[in-house]
Structure formats: C-alpha cells, structure tokens
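Here is the structure we will look at.
Position 1 is the first residue of the sequence; numbering continues from there. These figures come from a predicted structure and were not determined experimentally.
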Amino acid sequence: MTTKKVGEEIKKRNLKPLWIVVAFLSLIIICLLPNDGSTLPIVGQRALAILAFAVILWVTEAVSYPVSSAMIIVLLSILLGLSPSMDDPSTTMGTSNALKLALGGFSSSSVALVAAALFLAAAMQVTNLHKRLALWILSMVGTKTKSIVFGAILVSIILAFFVPSATARAGAVVPILLGIVAAFGLSNESRLAALLVITATQAVSIWNIGIKTAAAQNLVALGFINSEFNQDVTWIDWFIYAAPFSICMSVLLYFVMIKLIKPETDTIDGGKEIIHQQLRELGPLKRKEITLIITSIILLFLWATETKLHPFDSTTVTIAAIAFLLLPKIGVFNWKEASAKIDWGTIIVFSVGISLGTVLLNTKGALWLSDAVFGSIGLDSMPLVATIALVTVFNIIIHLGFASATSLASALIPVLIALASTLPDVNNIGFVLIQQFVISFGFLLPVSAPQNMLAYGTGSFTTKDFLKSGIPLTIGAYILVLILSATYWKWIGLL
C-alpha cells in the first residue's frame, strides 16, 4: 500500500468518531424540535430522529451495520418508551412495549426467508456447486472475448435462480474469470480483466431485480408490504413483473460492455481448456452436489408454483429445504460448516431495518416525512408516469450515499408506502415494488453494493471504469422503468 493510500485510510478512520457525534447530535436536535403533536405524534418525531441517526451511520459506515443495529434497538426502546402513548398521551408507552416494537422485525417471515437463503448460499459454497455451475456454463460458450462476456452474463442469470446471495454469486464467478485472464498471460489490471469482472458484477445487480429471492433488499420491501397491506407477492408474480426488465437490461449490458471497454485481445485461445482443467480439478459430481442440485430444483419449482399448485409459501419451503440439507448422513453440510459461511450480522441488520421501518409507519413518521419530501411537488396531481419519473430520480440520487441496498430499502420503503397511500388511482403495492427495483440498481459506483466492492477488491478496474459502464446502464434502466410503467406494468395490472 502506498504512503498516500495509508494516509487516506488513516484519515477515513479518524473521521468515524466525528460521524458518530454528528449522528447523536442529529438525534438530539430532531427530538428537541418544537412539536405540539397535532400533525406528527411525539413518538413519530422520535422515530424520525432515530431514522436520521441510522442513516448517518449507514451512509458513513462509522460503525459496522450490526453495531449500528444494536444502537438502534437501544434508542427505539428508550426514546419510544419514554414518549407519550399514541392511544393515551397522558401516559408513556413504556420501555417494555417499545422493546417489543424494536424487536418486532425479528418475528417477520421475511427475516426467516433471508436466514434460510443465507444457509442455501452457504450450502452452495461448502459443496462448490456454484463454482461448478459457473464453469459448466462458461464451458459452453466460445473462446472469443464477446462470447466470454455473454457467458459471464449468462452465468450471473442462472446462478440468480439458485444462489440467493449477490455476494456469493459474484464470489463464484469473478475468480473464474480472473483465472482465464491470468492463463492468457494478462494481469488483473488488464482491460480484459476489467471487461469481464465489471460485466459479471453488473449482471449480478441486474438480476437482483429480476428474481425475488436473489437479494435481501427485495425481502425487506416484501416484509413492509406484508405488514402494511397484509398481502404477499409470490415468487412467480415477482418474476413476471421484474424479469422482462432484467432481460432487457442484460441485453443493454452486453452492448455497453463490448463497446466501452476494449480488451487486449479478441480471442482467448486457451480459455476453454482452462475451464475444463478447473472442472477436472473439481472431479466428478459428488453425492452432496447431486443432493443439492435436486433440492435446489425442487425448491425452485415450489417457489415458482407458490399458491398456484400448492399452499406453501416461499419461507416455509425454504426452511424445510435447509432442515433437510442439515440432516446427518443425508444432507450436504453440518451446522458448523454452515454457520462459518453465514454473515449473521446480515440477519440482525435486516431485522432491525424492518423494525425501524414498521415503527415509522405505525407512528405516522413515514407519512409526515413523505409529505415533507414530496408534498410540495404536488405529486398527487401529476400523471402516474411523471410521478414515477420524479421519485425514481430521487431514489437513484439517494442510493449514491448508501453502501447497502438493504439499509436503503429499510429507510426508504416505509416513506414510499406512505407516499403511495396519498396518490390517487394507483396500485400501492405496484408503485412500491417498482421503486424497490430501483433500489437494487447499484450500477454507478463500486461502493453502491457489496458485490461491487468484492469485485473492486481484485484491482481489475478503477472507479472510473465502473462509472463508465454505470452511467449508460443507469440511464437505460431509468428510461426502461418509464417505458414499462407506461406499457407492460400497466397492462398486467402492476400499476
């Protein structure tokens, strides 16, 4: 690491205590602002103060996400507990009741699905099945650079169906692509490496949108939708809504990448042999891999036919699959192997995010914030597509400050639910889902998503390289959202 980079790292570390102080000051100031409770209950005001505190910590990463979650639980318990009750302002809510709200997110079925999805991703990693799938697919494409680009996109699409973790998918594909680059005698800093790694990473983000179970932030939104509207969006319904968007974006990604980043060579002569060599090193299909393949196919079938051919929801069937995969002698891994591969902090962050969002909705904090942010624009008198256009721009800009789409969904979805309730002649769930698709964009910067940072850590591309692909992808995605809002999504009843 150069002296300049060391200095920048020290400077970044030294700013963290300052951001913690700023977060607490924001919390205190918002709590102390005059409020007679007529339009915003005191408890709602304090919920907004905690939201401001959380957003500052999330954006600056002054503390880790799990640590910030613990702080949020404490603040919710104390500040809400000492607030006047919404039912009887002459009494306080009480810390025990407030603690129930703070921990309410842990009881959400969406949290159980996220946890089960993490176990499934861990099973893929323990057995190396995700790597074998990626190698199989890449072995079927040609040796031309354009074919490898197509293969990288195709791998990301296929894995999105079976590996419900964007980081795990990127972690499977990126090393394989870099292995191809290295075998050709080129370094990680080559243009070929930049082309392939950025392609795979952007494709992962694109298919976070297309498939319900592909990313945790989707389940955050669904958790709020279930809680607020008492309605679920099935796996197949989500696919019908979002897959056409992701298919169109995959085509755009292919042309953007082959036009913007010119590799050192047009053909990777030894590429196919390298892939076959890696497949030989994995050996023949093992019993555990076969078990996981069969389980994954059955699970995908059950997800896709939820409420159509059977009465079981996605969460129940996924937990059942994990229980089977953990069985001694029959399953594919044990608890120790699974827990070592799972980021338990993700589950905590996810749960606390749902708790905070639910509190914002129940205390009218989200509705007040929606009016404050969007009320003066007069969205309720605009055509629906114009409303979507403005809110989408706001969503894209806000995303620039967030390194986690899960945190962004936790902060923004409750506000969007409140906004949707004020719009005339709109399908509230559809409006919120479309904005959830936008939350998953993450195309612009390496810091916009964990899978981007994983790829950036390989040193194969610069921020400028990523931005070069991210700008046309974001513009294309924005235009596509408007086109689909005016046509397809309207025709199928999403709007």
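Residues passing the side-chain hydrogen bond (donor to acceptor under 3.5 Å, both in side chains) test with Asp232, sequence neighbours excluded: none. A search for salt bridge (charged side-chain N to carboxylate O under 4.0 Å, His left out) contacts involving Asp465 returns Arg191, not counting sequence neighbours. Not a single ring pair (Phe, Tyr, Trp, His ring centres under 6.0 Å) links Phe162 to another residue, sequence neighbours left out. In this structure, the side-chain hydrogen bond (donor to acceptor under 3.5 Å, both in side chains) partners of Thr213, at least two apart in sequence or on a different chain, are Trp235. The ring pair (Phe, Tyr, Trp, His ring centres under 6.0 Å) test applied to Phe24 returns Phe53, not counting sequence neighbours. Not a single ring pair (Phe, Tyr, Trp, His ring centres under 6.0 Å) links Phe402 to another residue, sequence neighbours left out. Qualifying side-chain hydrogen bond (donor to acceptor under 3.5 Å, both in side chains) partners for Gln231, counting only residues two or more places apart in sequence or in other chains: none.
Considering CG of Asp313 and CD of Glu306, their distance stands at 6.0 Å, rounded to 0.5 Å. The SG atom of Cys248 sits 13.0 Å away from the CG atom of Leu253 when rounded to the nearest 0.5 Å. Between Leu495 atom CG and Asn428 atom CG the span is 10.5 Å, to the nearest 0.5 Å. Here the CG-CG distance, from Leu27 to Leu48, works out to 11.5 Å after rounding to the nearest 0.5 Å. The distance from atom CZ of Phe324 to atom CD1 of Ile298, rounded to the nearest 0.5 Å, is 8.0 Å. Distance check: Leu279 CG to Leu135 CG gives 4.5 Å after rounding to the nearest 0.5 Å.
Looking only at side-chain heavy atoms (C-beta outward), Ile225 and Leu433 come within less than 4.5 Å of each other. Proximity of Ser410 to Leu356: side-chain heavy atoms (C-beta onward) are nowhere separated by under 4.5 Å. For the pair Leu285 and Ile293, the minimum side-chain heavy-atom distance is below 4.5 Å.
Under the 3.5 Å distance criterion, the side-chain polar atoms of Arg169 are left unmatched by any main-chain donor or acceptor of Ile157.
A donor-acceptor pair shorter than 3.5 Å cannot be found between the side chains of Glu189 and Ser460.
Listed by first and then second residue, the side chain to side chain donor-acceptor pair (under 3.5 Å) pairs that reach into residues 117-133 are Arg132-Glu289, sequence neighbours excluded. A side chain to side chain donor-acceptor pair (under 3.5 Å) check over residues 324-342, counting only residues at least two apart or in different chains, returns nothing. The side chain to side chain donor-acceptor pair (under 3.5 Å) pairs that include a residue from residues 353-370 number zero, where partners must be two or more places apart or lie in different chains. Evaluation of the side chain to side chain donor-acceptor pair (under 3.5 Å) test over residues 437-447, restricted to residues two or more places apart or in two chains, returns Gln217-Ser440.
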Could you pull out all donor-acceptor pairs under 3.5 Å where a side-chain atom in residues 237-246 meets a protein atom, sequence neighbours excluded?
from, atom 1, to, atom 2, distance (Å)
Asp237, OD2, Thr234, OG1, 3.0
Trp238, NE1, Ile209, O, 2.8
Ser246, OG, Ile206, O, 2.8
Ser246, OG, Gly210, N, 3.0

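Taking the six-membered ring where tryptophan is involved, the planes of Trp344 and Phe119 are perpendicular, since the angle between them exceeds 60° and thus also 30°.
Each of Ile347, Thr346, Val349 was evaluated against Pro66; a single residue qualifies, Val349, per the side chain to side chain contact (heavy atoms under 4.5 Å, CB included) test.
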